[in-house]
Amino acid sequence: MADANIIGFAYTAIKALLEVFLIGFSGYIFARNGTLTKSTLKSLSIMSVNLLTPALLFSKMTETLDPGLLVELWNEPVFYFIYGGFSLLWSRTGSRMLGLNPEYARLCDVATFFSNTNTLPVSLIKSIALSAGSQFLLKDQNDTPLKVAARGVSYAMIFATLNNILRWSFGVALMGGVSPKSKSAFNSVSASPRSPGLPESPALVSADGRAAAMLGTPLHDGDESDDELTPLYLGAPAQPLYTRGAFYRMLQSCVSAVRDFWTAIRAGITPPVYAILAAFIVILIDPLHEALMDPSSVLYTIWSAIDMCGDACVPLILISLGGQLGMMARAGVGETAETTKTVGSAHLRQPADTAGSTRSPSATHVLDMPIPSIVLRSATEPDAGSSSALLARPRGLGDTLDIADDDGELQEISLAEQRKGIVMVLVGRFVFVPTLAIVLISTLRICFPQWLPIMVNDPVYILTLLILSGTPPAINLITVSQATGKFETEAAQILFYGYILGIFVLAIEVSGFLWLTNVLSQM
């Protein structure tokens with residue numbers, strides 16, 4: 001009987017993954033033949049973020065959640081940060097044990113921490129909930145597969161919202177953020193002509209200008225005595241003015257820090273966050289919730305239109321995911337020979353005798369993508385310094401990547417080291433974090449059921465948490481790399497191999513997750 005159940009769960013998992021794969025593969029084909037381009041994928045992404053995903057969140061949450069269930073969901077953000085802690089523990093420990101370059105290790109941290117919490121979990125949960133072998137996910141006799149799917153989507157999208165909020169704050173910080181050199185250049189202020197070594201405050205400049213205009217005297221005429229007397233024209237001694245200038249500088253620093261903090265927060269407050277807040281308000285105001293869900297009311301027409309937009313979200317984001325993977329493959333990730341030929345002919349167009357050219361950290365484009373501060377070279381080839389030689393051949397194990405650090409010096413990262421990073425990230429995402437999640441969830445369900453009644457009452461909550469623990473890195477990893485100007489190609493490689501391998505790994509993992517959920521729900 002147990003063997004029959006395992007086979008049935010495996011069939012359910014493979015069937016759900018096959019549905020996801022077929023939709024995503026159509027996007028992959030469209031990207032490879034040129035139908036989907038970077039501009040169209042960007043348009044699809046904007047449409048998904050600003051309309052379809054908020055519609056999906058609002059419709060599913062208002063349909064399935066109630067105030068009591070909202071209270072029980074207090075623990076889901078806790079699970080999110082626990083999973084993040086597991087991910088960082090694995091990534092930091094693995095990076096040190098493997099001796100990865102610290103800058104490249106930052107990329108591995110982000111890839112391990114931020115998993116796919118939207119595209120794959122939502123589509124998998126919907127497919128599993130609507131399949132014939134998912135009756136054990138029903139919470140009671142009045143429950144339906146459609147309600148199960150809606151609740152699972154709501155649970156998964158809370159994770160996705162936390163991911164979106166933290167990606168542009170904590171994620172950018174993990175990648176190193178803005179380099180110290182850029183920050184110092186941005187914050188530098190020219191020295192005051194009166195006192196070398198003291199930065200001049202804009203308030204002092206304007207005050208000095210007004211005083212000089214009132215006296216009919218130029219602000220600075222080259223005479224040192226005039227400079228010394230300028231503060232006296234303001235009716236105050238020189239030292240208090242400098243103290244006042246220091247106060248203004250401190251005030252400006254505080255305002256700048258508050259502005260940077262608000263910018264980081266505002267970047268995470270996206271339309272899906274507004275949709276969640278709106279859903280919370282509707283759920284907590286019972287008359288409004290009832291009017292919205294009453295088929296005879298006008299508000300139900302609005303809700304139905306929102307629900308139809310939400311139904312279009314999952315196919316669209318799967319097509320976008322396949323299209324992004326297709327763009328990576330088309331650019332040459334994983335197809336070195338084709339990439340070498342394309343990049344060498346399309347970008348360099350230099351004579352073969354350029355061996356004496358100077359190598360610059362930002363002089364080339366690798367894999368048809370702009371890579372700031374990265375140059376491909378060979379440690380063994382005589383003309384490795386030539387730009388044409390850099391990209392005129394496939395990359396091998398003897399190659400290294402030169403990465404310019406904040407001081408402008410080059411740090412070498414071998415391709416063998418990159419492969420170690422890819423393996424480390426994928427083992428963390430597909431093995432380490434899911435294993436610890438299974439131990440944690442099983443312990444809580446068996447030993448402390450009174451702590452989390454939602455695990456006892458709703459099996460799909462357990463399944464959602466398990467699936468969220470074993471997904472590949474988020475596809476937005478490459479967006480973070482582009483925003484920080486670091487490791488764009490390396491991020492694309494992690495994503496490409498992660499999603500190719502994920503097709504097979506998730507089939508095994510989801511089968512086990514279904515079996516474990518069934519066992520725990522019967523206790």
Exercise. Rounded to the nearest 0.5 Å, what separation is found between the CD1 atom of Ile302 and the CG atom of Asp307?
Worked result: 13.5 Å
Exercise. Okay, side chain of Asn163, backbone of Ser115: is any donor-acceptor separation there less than 3.5 Å?
Worked result: yes
For this session: Please list, chain by chain and in numerical order, all residues satisfying ring-ring contact (aromatic ring centres under 6.0 Å, His included) with Tyr80, sequence neighbours excluded.
Result: Phe159
Exercise. Could you go step by step and tell me if Leu477 and Leu107 meet the side-chain contact (heavy atoms from CB on, under 4.5 Å) rule?
Worked result: CA-CA 9 Å; Leu477 173 66; Leu107 173 69; 3.8 Å; yes
Exercise. So, Thr517 side chain and Pro459 main chain: donor-acceptor pair closer than 3.5 Å or not?
Worked result: no
For this session: Count the heavy atoms belonging to other residues, nucleotides or ligands that lie under 6.0 Å from CZ of Phe136, then report whether that count exceeds 12.
Result: yes
For this session: Answer whether the closest heavy-atom distance between the side chains of Leu174 and Arg106 falls below 4.5 Å.
Result: no
For this session: Determine, step by step, whether Leu70 and Leu284 satisfy the side-chain contact (heavy atoms from CB on, under 4.5 Å) criterion, reporting the C-alpha distance in whole Å, the side-chain angles of both residues, the deciding distance to 0.1 Å, and the verdict.
Result: CA-CA 9 Å; Leu70 284 181; Leu284 294 175; 4.3 Å; yes
Problem set entry | Distance (rounded to the nearest 0.5 Å) between Asn50 CG and Ser45 OG | 8.5 Å
Seminar exercise, completed: Applying side-chain contact (heavy atoms from CB on, under 4.5 Å) to Phe504 and not counting sequence neighbours gives none
For this session: Carefully, step by step, assess Glu417 and Lys420 under the rule salt bridge (charged side-chain N to carboxylate O under 4.0 Å, His left out).
Result: CA-CA 5 Å; Glu417 188 173 1; Lys420 291 179 183 178; over 6 Å; no
Anything under 3.5 Å between a donor and an acceptor, one on a side chain of residues 313-325, the other on a protein residue two or more places apart or in another chain? List them.
unit_1 : atom_1 : unit_2 : atom_2 : d
Ser320 : OG     : Leu316 : O      : 3.0

Problem set entry | Minimum heavy-atom distance between Ala156 and Val122, given as atom pair plus value | CB-CG2, 4.1 Å
Exercise. Around Met293, counting heavy atoms of other residues, nucleotides and ligands shown, do more than 12 lie under 6.0 Å from its CE?
Worked result: yes
For this session: Could you pull out all residues at least two apart from Arg96 that satisfy side chain to side chain donor-acceptor pair (under 3.5 Å)?
Result: none
Problem set entry | side-chain hydrogen bond (donor to acceptor under 3.5 Å, both in side chains) partners of residues 121-139, not counting sequence neighbours, each pair once | Glu19-Ser127
Exercise. Do you know which two heavy atoms are closest between Arg429 and Thr471, and how far apart they sit?
Worked result: NE-O, 2.9 Å
For this session: Quickly, which of Leu463, Ile128, Leu466 forms a side chain to side chain contact (heavy atoms under 4.5 Å, CB included) with Val510? Name it, please.
Result: Ile128
Exercise. Can you name the side-chain contact (heavy atoms from CB on, under 4.5 Å) partners of Tyr274, sequence neighbours left out?
Worked result: Ile269
Problem set entry | Close side-chain approach of Glu76 and Ile454, heavy atoms under 4.5 Å | no
Exercise. Do the side chains of Ser511 and Tyr11 get nearer than 4.5 Å, heavy atoms only?
Worked result: no
Exercise. Has Met97 got more than 12 heavy atoms of other residues, nucleotides or ligands less than 6.0 Å from its CE?
Worked result: no
Seminar exercise, completed: Thr443 meets the side chain to side chain donor-acceptor pair (under 3.5 Å) criterion, sequence neighbours left out, with none
Problem set entry | Partner of Ser48 by side chain to side chain donor-acceptor pair (under 3.5 Å), out of Asn118, Thr53, Thr119 | Thr53
Exercise. Hey, is the main chain of Lys60 close enough, under 3.5 Å, to the side chain of Thr64 for a donor-acceptor pair?
Worked result: yes
Exercise. Are the side chains of Met455 and Leu520 in touch, meaning some heavy atoms are under 4.5 Å apart?
Worked result: no
Seminar exercise, completed: Separation between CG (Leu138) and OG1 (Thr144), nearest 0.5 Å, reads 7.5 Å
For this session: Return yes if some donor-acceptor pair links the side-chain N/O of Thr161 with the main-chain N/O of Met157 below 3.5 Å, else return no.
Result: yes
Exercise. Which is it for Val505 and Leu426 under the side-chain contact (heavy atoms from CB on, under 4.5 Å) test, yes or no, and what are the steps along the way?
Worked result: CA-CA 10 Å; Val505 174; Leu426 299 187; over 6 Å; no
Seminar exercise, completed: side chain to side chain donor-acceptor pair (under 3.5 Å) filter on Asn518, not counting sequence neighbours, yields Gln522
Problem set entry | Pairs touching residues 292-324 that satisfy ring pair (Phe, Tyr, Trp, His ring centres under 6.0 Å), sequence neighbours left out | Tyr300-Trp303
Seminar exercise, completed: residues 453-465 vs side-chain hydrogen bond (donor to acceptor under 3.5 Å, both in side chains), sequence neighbours excluded, gives Asn75-Tyr461, Arg151-Asp458, Tyr155-Asp458
Seminar exercise, completed: Rounding to 0.5 Å, atoms CD1 (Ile467) and CD1 (Ile125) come to a distance of 5.0 Å
Exercise. Shortest non-hydrogen contact from Ala13 to Ala507?
Worked result: CB-O, 3.9 Å
Seminar exercise, completed: When rounded to the nearest 0.5 Å, the distance separating CG of Leu452 from CG of Leu444 is 5.5 Å
Exercise. Can you name the residues that form a side-chain contact (heavy atoms from CB on, under 4.5 Å) with Ile29, not counting sequence neighbours?
Worked result: Phe25, Asn33
Problem set entry | Residue pair Ile283 / Pro67, side-chain heavy-atom distance below 4.5 Å | yes
Exercise. Okay, side chain of Ser59, backbone of Leu56: is any donor-acceptor separation there less than 3.5 Å?
Worked result: yes
Seminar exercise, completed: Between the CG atom in Leu17 and the CD1 atom in Ile503, the distance rounded to the nearest 0.5 Å is 8.5 Å
Exercise. Can you list the steps and then say if Val456 with Arg445 is a side-chain contact (heavy atoms from CB on, under 4.5 Å)?
Worked result: CA-CA 7 Å; Val456 179; Arg445 176 63 182 85; 4.0 Å; yes
Problem set entry | Set of side-chain contact (heavy atoms from CB on, under 4.5 Å) partners for Pro434, sequence neighbours left out | Ser469, Glu509, Phe513
